[in-house]
Amino acid sequence: MAGKPMQRERMHEAGAPSADSMIVEGGEVPGHPGTPAFTLTRPEPTAIPVVIAVPHAGRAYANTLLERMRHPTFAAPRLEDRYVDLLATDAARRTGAALLIAHAPRAMIDLNRAPDDVDWEMVGSPPPDASAHRGGGVMRRARSGLGLVPRRLPGLGELWKRRLERHELDDRIASVHVPYHAMLAQTLADVRDRWGVALLIDLHSMPPLSARSAGEVPPEYVIGDRFGAACDGGLVSTVFSYFAQCGRQAAHNRPYAGGYVLERHARRSDGIHCLQIEIDRTSYLDSRMAEPGPGFGATADIVTGLVRRIADDVAEMGRDRQRWRAAAE
């Protein structure tokens, strides 16, 4: 098991005038000594009631991890939400949103999966308690090859040369998964306490989708709210209205409704709302899907505009919530 996850804090000047930002580095990437598993950047005090999180764009690959992959050159980038963290960083800098970025790669551990969503056939030991091992929807991802530790990809097959040892899995969970979600939960609670309501935008990227019918424009964005369970419907309507004004096609919950991040952190009754937003990679990457492309600037502007637009609605929700509480007291 790894030692206690490291956490360092430092202050620096943020993009907003006369505002300080706190930077917290937490966890540690196993096999990559001194490399934090994630970084949180947030203005103090928070400038808007929005937190942007990026769990799948990590690129801190330990050599030991790459050596164990069958096709590292192809598999590692395909598992990434390639450079979507750059879009998030630009939007956070321009709006003052809190920003949580994971550096540990998805090939090592998937932060959008439950910690027990494990394909135990790829681990060199049985589940810790087979009688308590959850099935159904939780394990569907692991069975598909994309559980807590990805096992296979379409067109590439098995990703690893050998099984994962149990202590390695435990180390990844303790050093990356646990501190990341603890930091996200604390940040959302802090923002909610200040504003009355907090919104998480869990930002991802996706391969281009196909049109549902001939002549139809395929969605460039997918908004997931776990079919209404994770976010207020008015906020979802604001997102769709914004994309329509930008002339961008968006889909709702299909094929991506949101995963473990939304399931764990959304608490509508407590004033914490969560959205998963998927962006078509072709809109901001080059033709090789390898580096930022000619559409990066326009996509960054759209994401920034969305954060600004929805932050106003979230702040108003917070004011209404606080007025209601004051009246009830």
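A quick note: this is a predicted structure, and the numbers were derived from the prediction, not measured.
Judged by distance alone, with hydrogens and angles left aside, the side-chain atoms of R106 form no donor-acceptor pair with the main-chain N or O of D81 at under 3.5 Å. Side chain of D117 to main chain of G147: no donor-acceptor pair is present (N/O by atom type, distance under 3.5 Å, no hydrogens or angles). At least one donor-acceptor pair closer than 3.5 Å links the side chain of R70 to the backbone N or O of W160.
The ring-ring contact (aromatic ring centres under 6.0 Å, His included) check on Y221 picks up F243, with sequence neighbours excluded. With sequence neighbours excluded, the residues satisfying side-chain hydrogen bond (donor to acceptor under 3.5 Å, both in side chains) with E80 are Y61, R82. Under the side-chain hydrogen bond (donor to acceptor under 3.5 Å, both in side chains) criterion, R194 pairs with T46, not counting sequence neighbours. For H204, the ring-ring contact (aromatic ring centres under 6.0 Å, His included) criterion is met by H56, not counting sequence neighbours. By the side chain to side chain contact (heavy atoms under 4.5 Å, CB included) test, T64 is found to be paired with A62, residues two or more places apart in sequence or in another chain being considered. By the side chain to side chain contact (heavy atoms under 4.5 Å, CB included) test, E67 pairs with N63, sequence neighbours left out. Shown here are the ring-ring contact (aromatic ring centres under 6.0 Å, His included) partners of H273, two or more places apart in sequence or in another chain: there are none. Listed by chain and number, the residues in a side-chain hydrogen bond (donor to acceptor under 3.5 Å, both in side chains) with T95 amount to none (sequence neighbours excluded). Every residue meeting the side chain to side chain contact (heavy atoms under 4.5 Å, CB included) condition with V178, not counting sequence neighbours, appears here in chain and number order: I173. With sequence neighbours left out, the ring-ring contact (aromatic ring centres under 6.0 Å, His included) criterion links H181 to H177, Y260, H265. In this structure, R78 has no side-chain hydrogen bond (donor to acceptor under 3.5 Å, both in side chains) partners at least two apart in sequence or on a different chain. A search for side chain to side chain contact (heavy atoms under 4.5 Å, CB included) contacts involving D193 returns nothing, not counting sequence neighbours.
For the pair R281/P207, a side-chain contact is recorded, criterion being any heavy-atom separation below 4.5 Å from C-beta on. With a 4.5 Å cut-off on side-chain heavy atoms, D202 and C274 do not count as touching.
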